[in-house]
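Below, chains carry the letters A, B, ... as their sequence lines are ordered, and counting in each starts from 1.
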Amino acid sequence: MSTEPASPHASTPETAGYDPAAVEAAAQGYWRRTRAYEVVEDPSRPKFYCLSMLPYPSGALHVGHVRNYTIGDVISRFQRMTGKNVLQPMGWDAFGLPAENAAIKHATAPAKWTYANIEHMRAQLQAMGYAIDWTREFATCSPDYYVHEQRMFVRLMKQGLAYRRNSVVNWDPVDQTVLANEQVVDGRGWRTGAIVEKREIPQWFLKITDYAQELLDGLDTLDGWPEPVKTMQRNWIGRSEGLEIGFAVADAHFNPTGERLTVFTTRPDTLMGATFVSIAGEHPLALRAAQGNPALAAFIDELRQGGVSEAELETQEKRGMDTGVRVLHPVTGDAMPVYVANFVLMGYGTGAVMAVPGHDQRDWEFAQAYQLPIRMVVVPGEVRDALAELARHVGSHEDAMAAALGESDAIDAYDAAAAVQVVREYQRRIDEEAAYTGRGWLVNSGEFDGLDFDAAFDAIARRVESAGNGQRKVNFRLRDWGVSRQRYWGCPIPVVYCAKCGAVPVPEDQLPVVLPEDVEFSGVKSPIKADPEWRRTTCPKCGGAAERETDTFDTFMESSWYYARYTSPGASTQVDKRADYWLPVDQYIGGIEHAILHLLYFRFYHKLMRDEGLVKSDEPATRLLTQGMVVAETYYREGEGGRREWINPADVEMRRDAHGHVTGAVLKADGLPVGIGGIEKMSKSKNNGVDPQAMVARYGADTVRLFSMFAAPPEQSLEWSEAGVEGMARFLRRFWREVTAHAAQPDHPVVDPASLDAAQKTLRRQLHETIQKVGDDYGRRHSFNTAIAALMELLNHVSRFGDMSGQGRAVRHEALEAMVLLLNPVTPHVSHALWQVLGHPETVLEDVPFPRADPAALARDSVTIAVQVNGKLRGTIEAAPGAPREAVEAAALAEPGVARFLEGQAVRKVIVVPGKIVNIVAG
RNA sequence: GCCCGGGUGGCGGAACGGCAGACGCGAUCGGCUCAAACCCGAUUGUCCUUCGGACGUGUGGGUUCGAAUCCCACCCCGGGCACCA
């Protein structure tokens, strides 16, 4: 304890300053006592459901959470100030892999770790002062929650929308366990370092592909979603129109059933250029060919090495091997080799593709590597024109081509060298440089020569269809959603396996299948897989002995419908009628990293619930805001062997030169230099995370909220800076001083607009311009940083405004009162306190209407117009708003700075943009 | 590899085809102070020693009276790629 007689911060009535801790405790206490943010359905008022993505309870709140939930809180409080009945809920995405990792590390049960984290993080969230209805809170690991998910699943099973099939996973051969993609590093298991293998196991799937077209079409209705998110989803769903073609297998030995090898192509126009077929290693035909072909069997075995992620597969070197199988071209009947190729995936399309090396870059590279023929069958416009010219000389396109390529001497008699060169150069590029992948006109395609893409597509499709060799087909890139996880800490999949009856859904009256929480967790095997007692059950159909499914659901399952559950706390069904009032979500906020997976499953599950009659809308959320990441500078010192030891930014001080340029950084503890490692996403591994709780303790929640909204627009990444946070604290202190000093005045006259002088009018105009901008920035633009900048600017105007006359104080009073309300969504504690300082009784500020700009106060006597000569600024003029074009033009030409630049030049044109700019084109 | 973003002073950013750099940070100078902190005032894109001007939004090209903003090509950085959430 200090023995100082008086603290330097001791306050006297004169200097009583902003004390965030006291202000925040008072405001939060009031909100709690009055249950200020608990809401019920109220058909008399427009509703606004503002939802932020629920947090995973990882241990402690991080700055990304603070940013996400502050955005949601600003929107929620603003919407309520405009008269809406606002719901802002919060919950916990409680199942997941990190709990298992933590359980191994700390020798505790995943459930225990999770619940402790939730307790801690709830307190941290509450200290931020969010206007959340905490009565609706839940954790997704509660059986009360996941029972509804299990019930939905057994219903989907009965409808065939949930089904079981084999699919491939990452297998760690040492630990004998399935690995998540995240756990595969450079093709090896992250703990064992063993080379990961692909392994097929039976898993459950939801038929999201049945909804592919609807998910695609629905994007067109989502006007409130960011265009990049919709584009990413469109590309992910990947609708393509093409042709499914069956290739007859030449040798019955490889194909005892007589089945055709089916491929899907979006480029049927290139069919005549197909010179081989590539198939996946897991393709049945490949497996059959491998019997009795040890080399091929070994190659297919080799392809099993490595992980299953698309990024890994797509960046691998392209490799293949001839299977020895031959198929027949469906039009020419020519025999074509079938290759096993590592870039063909069994999970996409049919697991087989026709290869057209002349017009597909990947096939081209493969053909180069394995000396396979390349056929040119499509040409762009200029080559077609050259061929047409030659054809006029030699009679036919076919002859023209032969002549151009020197296969006949018919052309020698004509002077057509240029056209010949065009064709030869094109052929050379395809042979030696790269495939031509654009659309064009057909050549070397017999009866299809000369057709363009659409005509060729049509003609070849008809030809293939009439021969019974295939049909047109719409294909989607989207694959069914695999929901099985071979993990313990998840929702048990409600299925029983019976030797007689097969996979049987658990009857609804026996749900939930509860996950035991009090378990020993070693990490080697899931406790429910290891426990024969838990597994043992009886078949719901035949009553015989049976076993429970021990896989659990993908955690995306829980996060796909939580938004609906918030509307119906305590309901015995998944949701009840209250959902009809609240849904759809009016504003959804979360990280851009969820643009595809979560947001697609979320939309899909909503449609599943709609089709079950649980919700009425087609889409779960009408508006979406995707926030950027939070990043920070990294600092390090090199330890033994050059290994970098990362140092937290909080322990580092910057060194600058006289210009303020950063010259280096030192550790606060010893004053010695540290390395600067660049700006990275905040993470444990780089130790550049900033603890929001420490910031709140030091500056208060309002300052942290203010900085997280001011430092960057919400959609961009935000760079954390402690100096920036201090700047926000400075602003709040200044604002506090300005309001308390004003409130200390004995009386507060009312503004009389008619009697204001010029300076008073100007301040009042600035106030009302700010009101207009801030409302627009909060409500429409979601541009919180510029709203705050405008308020800072206004405070600068107010503090320079020294007028202590009656009307001077009246204008200042109007401004400060409005500013308290305008700032309320961002800094609700400060506003709560200052509202009372300004003489109002304690109240929930969201019930005070958001200020409205007075059009009369916005009027200006004159506007400044920039004048350019040839696009360069040469001066400015003042003009009355709405002044006639001729007068503005004359004033612009007369402006001395402008006139100087016009000397000796003719004015050719004058562009006048009313109220903004004049551009004089001269020369 | 594929899909989607981003690149503007010393730094974070502003500018919704019309005065590039609002606002904040940092820095410099000055004031207040015994002193430090707080606070207040001034300056702060680069270059030309100037009144004044030239240049300037990743690079190269284009559209336009006018481009940070629209189009094309390229470079660099970030997000996602179906088992991290």
Side-chain angles (χ1 to χ4, degrees), chain A residues 8-9 15 17 53 55-56 58 93 96-98 169-170 178-184 226-229 231-232 234-236 238 308-316 318 343 347 362 478-482 484-487 554-556 559 591-598 600-601 626 628-629 631 654 656-662 679-681 707 710-713 715-721 723-728 730-731 733-734 737 781 783 785-786 788-793 796 799 864-868 870-873 875-876 897 908-911 913 916-921:
Chain A
H9 301 294
T15 63
M53 290 183 187
Y56 177 78
S58 54
D93 190 15
L97 190 56
V169 293
N170 302 305
V178 175
L179 297 179
N181 282 337
E182 188 192 46
Q183 299 171 315
V184 179
E227 212 50 56
V229 172
T231 305
M232 279 190 267
R234 270 187 204 106
N235 291 337
W236 185 260
V308 299
S309 78
E310 189 181 325
E312 187 177 336
L313 295 170
E314 287 282 322
T315 50
Q316 273 172 5
K318 311 282 176 278
F343 55 84
R362 195 161 61 180
L478 182 69
R479 311 198 302 254
D480 277 337
W481 177 11
S484 293
R485 298 292 179 270
Q486 296 68 46
R487 283 202 254 290
D554 177 6
T555 57
F556 276 127
S559 56
I592 182 66
E593 66 272 20
H594 296 294
I596 295 177
L597 290 180
H598 162 68
L600 197 61
Y601 295 143
T626 49
M629 300 174 309
V631 299
M654 302 310 292
R656 294 168 192 277
D657 65 14
H659 304 285
H661 301 201
V662 170
I679 292 180
E680 305 241 14
K681 180 177 175 173
F707 179 74
F710 177 72
E715 311 225 334
Q716 282 179 31
S717 62
L718 180 153
E719 194 181 320
W720 199 263
S721 129
V725 177
E726 274 172 30
M728 298 304 106
R730 204 170 297 156
F731 167 72
R733 280 198 299 266
R734 275 183 66 205
R737 257 202 324 270
R781 297 214 307 156
S783 177
N785 54 327
T786 54
I788 294 164
L791 286 162
M792 288 175 167
E793 221 173 333
N796 290 340
S799 45
T864 306
I865 294 176
V867 184
Q868 297 180 329
N870 292 332
K872 283 200 164 76
L873 182 72
T876 58
R908 292 198 193 153
K909 193 172 171 187
V910 179
I911 287 126
V913 181
K916 282 201 169 149
I917 206 163
V918 176
N919 189 14
I920 300 162
V921 185

Output yes when a side-chain donor or acceptor of A/N919 lies under 3.5 Å from a complementary backbone atom of A/I911, and no otherwise.
-> no

Between B/C4, B/A82, B/C83, which nucleotide has the shortest distance from any of its atoms to the side chain of A/N235?
-> B/C4

With the side chain of A/R737 defined as its heavy atoms from C-beta on, choose the nearest nucleotide among B/C65, B/A22, B/C39.
-> B/C39

Taking only the side-chain nitrogens and oxygens of A/R733, find out if one of them lies under 4.0 Å from OP1 or OP2 of B/C38.
-> no

Atom-pair distance (CD on A/E715; C1' on B/G79), nearest Å | 13 Å

Starting from P on B/A42, measure out to CG on A/N796 and report it in whole angstrom.
-> 10 Å

Closest-nucleotide ordering on RNA chain B, the 5'-leading residue of A/W481 and A/A789 = A/A789

Figure out the CZ/P separation between A/F556 and B/C81, and round it to whole Å.
-> 8 Å

Separation of atom CD in A/E593 from atom C1' in B/G5, rounded to whole Å | 13 Å

Report yes if some heavy atom in the side chain of A/W481 is under 4.5 Å from a heavy atom in the side chain of A/D554; otherwise report no.
-> yes

Roughly how far apart are A/D93 CG and A/H598 NE2, rounded to 0.5 Å?
-> 9.0 Å

Whole angstrom value for the distance that separates P of B/G26 from CD of A/E726 = 7 Å

Report yes if the side chains of A/M792 and A/R734 come closer than 4.5 Å at any heavy-atom pair, otherwise no.
-> no

Ignoring the backbone of A/E793, work out which of B/C84, B/G26, B/A22 is nearest its side chain.
-> B/A22

Ignoring the backbone of A/P713, work out which of B/A14, B/C84, B/C55 is nearest its side chain.
-> B/A14

Between B/G79, B/C84, B/C19, which nucleotide has the shortest distance from any of its atoms to the side chain of A/E182?
-> B/C84

Any chance CZ of A/R908 has more than 12 other-residue heavy atoms, nucleotides or ligands included, within less than 6.0 Å?
-> no

Closer than 4.0 Å, any side-chain N/O of A/R479 to the OP1 or OP2 of B/A82?
-> no

Among the nucleotides B/A15, B/C65, B/G18, which one has an atom lying closest to any side-chain atom of A/Q868?
-> B/G18

Has A/R730 got a side-chain N or O lying under 4.0 Å from the OP1 or OP2 atom of B/C40?
-> no

From B/C40, B/G78, B/C16, pick the nucleotide closest to the side chain of A/R734?
-> B/C40

Do A/R487 and B/C83 have a side chain to base donor-acceptor pair shorter than 3.5 Å?
-> yes

Heavy-atom closest contact (A/V921 atom, A/N870 atom, distance) | CA-OD1, 3.4 Å

So what does A/K318 touch, heavy atoms closer than 4.0 Å: a base, only the sugar-phosphate, or nothing?
-> nothing

Choose from B/G24, B/C4, B/A85 the nucleotide whose nearest atom is closest to any side-chain atom of A/P228.
-> B/C4

How would you label the glycosidic angle of B/G9: syn (within 90° of 0) or anti?
-> syn

Round to a whole Å and report the spacing from CZ of A/F707 to P of B/G26.
-> 11 Å

Keeping the roles fixed (side chain from A/Q716, backbone from A/P713), state whether a donor-acceptor pair exists under 3.5 Å.
-> no

Between the main-chain N or O of A/V308 and the side-chain N or O of A/N170, is there a donor-acceptor pair closer than 3.5 Å?
-> yes

Reading RNA chain B 5' to 3', how would its secondary structure be written in dot-bracket notation, given Watson-Crick and G-U pairs with both distances under 3.5 Å, brackets [ ] for crossing pairs and | for partners on other strands?
-> (((((((..(((.....[....)))((((((.......))))))((((...))))..(((((..]....))))))))))))....

Closest listed nucleotide, where the reference is the side chain of A/M232 and the choices are B/A85, B/C4, B/C19 | B/C4

Can you check whether A/N785 has a side-chain N or O nearer than 4.0 Å to OP1 or OP2 of B/A14?
-> yes

Does some side-chain heavy atom of A/L478 sit less than 4.5 Å from a side-chain heavy atom of A/W236?
-> yes

Indicate for each nucleotide in nucleotides 6-12 of chain B, in 5' to 3' sequence, whether protein heavy atoms under 4.0 Å reach the base (B), only the sugar-phosphate (S), or nothing (-).
-> ----S-B

Does A/I592 reach the side chain of A/M232, with side-chain heavy atoms less than 4.5 Å apart?
-> yes

What heavy-atom pair brings A/V662 and A/M654 nearest, and what distance separates the two atoms?
-> CG1-CE, 3.4 Å

From CD of A/Q183 across to P of B/C84 the rounded distance in Å is 8 Å

Considering only side-chain heavy atoms of A/E310, which listed nucleotide, B/A82, B/C83, B/C19, is closest?
-> B/A82

